[in-house]
Amino acid sequence: MPRDWSKPLTEAELENLKTVFRSMPSYKTGGHIESKDIIKMCEAVDYPRTPDQLSAYKDYLDKRCGGIITLDDYMETAKAIHSISAVARKRAIYYDKDGNGFISADEFDELMELLSTHDPSLPNITYAEFVKQADTDKDGRISIDECGKWIESHTLS
């Protein structure tokens, strides 16, 4: 029976992911794999994605991550993969490049590009529209918490 990816991974499953990650052909001692192996990785762990989603993952890594993904980044996403809103919250912190606790237009664009590969139903909106919808305290900025809540309210999982 295939794994139910809508449920959190167990510690044993997380350890298995690490083992599979390290078995990828491009795995380096620096702790990363090349984007060309992300499709193999998804297939090896029976993570059901459409060909378009798999291609989008690879393209995303090529465009935004220098063509690699580290084991640490992969595992952070894997720990939250059961829920797009959980992934969103983890990634929102990561994409807050300046560490100020708020999501800028550039940070929003990068975050949405990644999240839409997981959940194509996410609305394709401008940052200005996002601010109108997500800025619950009306300070003209989007906190990581506001971002996470907005994404959670606009996703299927």
Side-chain angles (χ1 to χ4, degrees), residues 1-99 101-103 106-125 130 134 142-157:
M1 183 168 166
R3 192 208 190 283
D4 180 358
W5 289 93
S6 67
K7 302 206 180 335
L9 291 135
T10 66
E11 286 302 315
E13 289 170 323
L14 290 168
E15 285 303 313
N16 182 57
L17 286 180
K18 288 179 187 176
T19 300
V20 174
F21 187 96
R22 291 180 182 121
S23 75
M24 291 292 105
S26 65
Y27 181 76
K28 306 288 185 221
T29 55
H32 68 267
I33 62 173
E34 295 172 9
S35 63
K36 66 183 179 184
D37 281 342
I38 197 65
I39 294 170
K40 291 176 194 162
M41 181 71 197
C42 290
E43 291 169 350
V45 298
D46 199 25
Y47 184 56
R49 298 287 95 180
T50 67
D52 286 344
Q53 285 174 308
L54 292 171
S55 179
Y57 290 162
K58 181 187 178 308
D59 292 347
Y60 179 83
L61 292 175
D62 287 338
K63 181 178 176 186
R64 300 283 188 182
C65 303
I68 64 167
I69 185 167
T70 67
L71 177 58
D72 289 343
D73 283 345
Y74 183 82
M75 294 309 297
E76 279 300 307
T77 300
K79 289 175 187 174
I81 204 71
H82 62 282
S83 165
I84 189 67
S85 59
V87 171
R89 288 179 188 273
K90 290 227 180 247
R91 295 289 94 185
I93 293 167
Y94 175 79
Y95 282 107
D96 178 21
K97 301 284 187 198
D98 56 14
F102 296 93
I103 302 298
D106 289 340
E107 293 164 345
F108 172 76
D109 289 344
E110 285 188 44
L111 177 63
M112 291 304 288
E113 183 180 344
L114 173 65
L115 295 178
S116 66
T117 64
H118 291 292
D119 185 349
S121 72
L122 273 172
N124 184 12
I125 65 170
F130 170 65
I142 303 300
S143 69
I144 289 173
D145 188 54
E146 287 171 320
C147 178
K149 287 178 182 175
W150 181 88
I151 291 169
E152 188 171 357
S153 72
H154 288 81
T155 60
L156 299 176
S157 58

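The residues of the chain are indexed from 1 along the displayed sequence.
Closest non-hydrogen pair, Lys36 versus Ser26, comes out as CE-CB, 4.2 Å. The minimum heavy-atom distance linking Asp62 with Lys58 is given by the pair OD2-NZ, 2.7 Å. Heavy-atom minimum distance, Ala134 versus Glu146: O-CB, 3.5 Å.
Using cut-offs of 30° and 60° on the angle between ring planes, the pair Trp5 and Tyr47 is perpendicular.
Looking only at side-chain heavy atoms (C-beta outward), Lys79 and Leu14 come within less than 4.5 Å of each other. Under the 4.5 Å side-chain criterion, counting only non-hydrogen atoms from C-beta, Asp37 is not in contact with Ile69. Counting heavy atoms from C-beta on, the side chains of Ile68 and Leu61 never come closer than 4.5 Å. The shortest side-chain heavy-atom distance between Leu71 and His32 does not fall under the 4.5 Å cut-off.
Rounded to the nearest 0.5 Å, atoms CD1 (Ile38) and CD1 (Ile33) are 4.5 Å apart. Between Ile125 atom CD1 and Trp150 atom CH2 the span is 4.0 Å, to the nearest 0.5 Å. Atom-to-atom distance recorded for Ile142:CD1 and Cys147:SG is 8.0 Å, nearest 0.5 angstrom. To the nearest 0.5 Å, atom CZ of residue Phe108 and atom CD1 of residue Ile151 are 7.0 Å apart. The distance from the CE atom of Met75 to the CG atom of Leu9 is 7.5 Å, given to the nearest 0.5 Å. Distance check: Gln53 CD to Cys42 SG gives 9.5 Å after rounding to the nearest 0.5 Å.
Within 6.0 Å of the CG atom in Asn124, the count of heavy atoms belonging to other residues, nucleotides or ligands does not exceed 12. Annotation: Lys40, atom NZ; neighbour count of heavy atoms from other residues, nucleotides and ligands within 6.0 Å is above 12.
A salt bridge links Glu15 to Lys18: at least one charged side-chain nitrogen sits closer than 4.0 Å to a carboxylate oxygen. Using a cutoff of 4.0 Å between basic side-chain nitrogens and carboxylate oxygens, Lys63 and Glu113 are scored as salt-bridged.
Under the 3.5 Å distance criterion, the side-chain polar atoms of Ser55 are left unmatched by any main-chain donor or acceptor of Asp52.
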Checklist entry - Given Asp98 and Glu107, is the side chain to side chain contact (heavy atoms under 4.5 Å, CB included) satisfied, shown in steps? => result CA-CA 10 Å; Asp98 56 14; Glu107 293 164 345; 3.6 Å; yes

Item to check | Worked verdict on Tyr74 versus Met41 for side chain to side chain contact (heavy atoms under 4.5 Å, CB included) | outcome: CA-CA 10 Å; Tyr74 183 82; Met41 181 71 197; 3.5 Å; yes

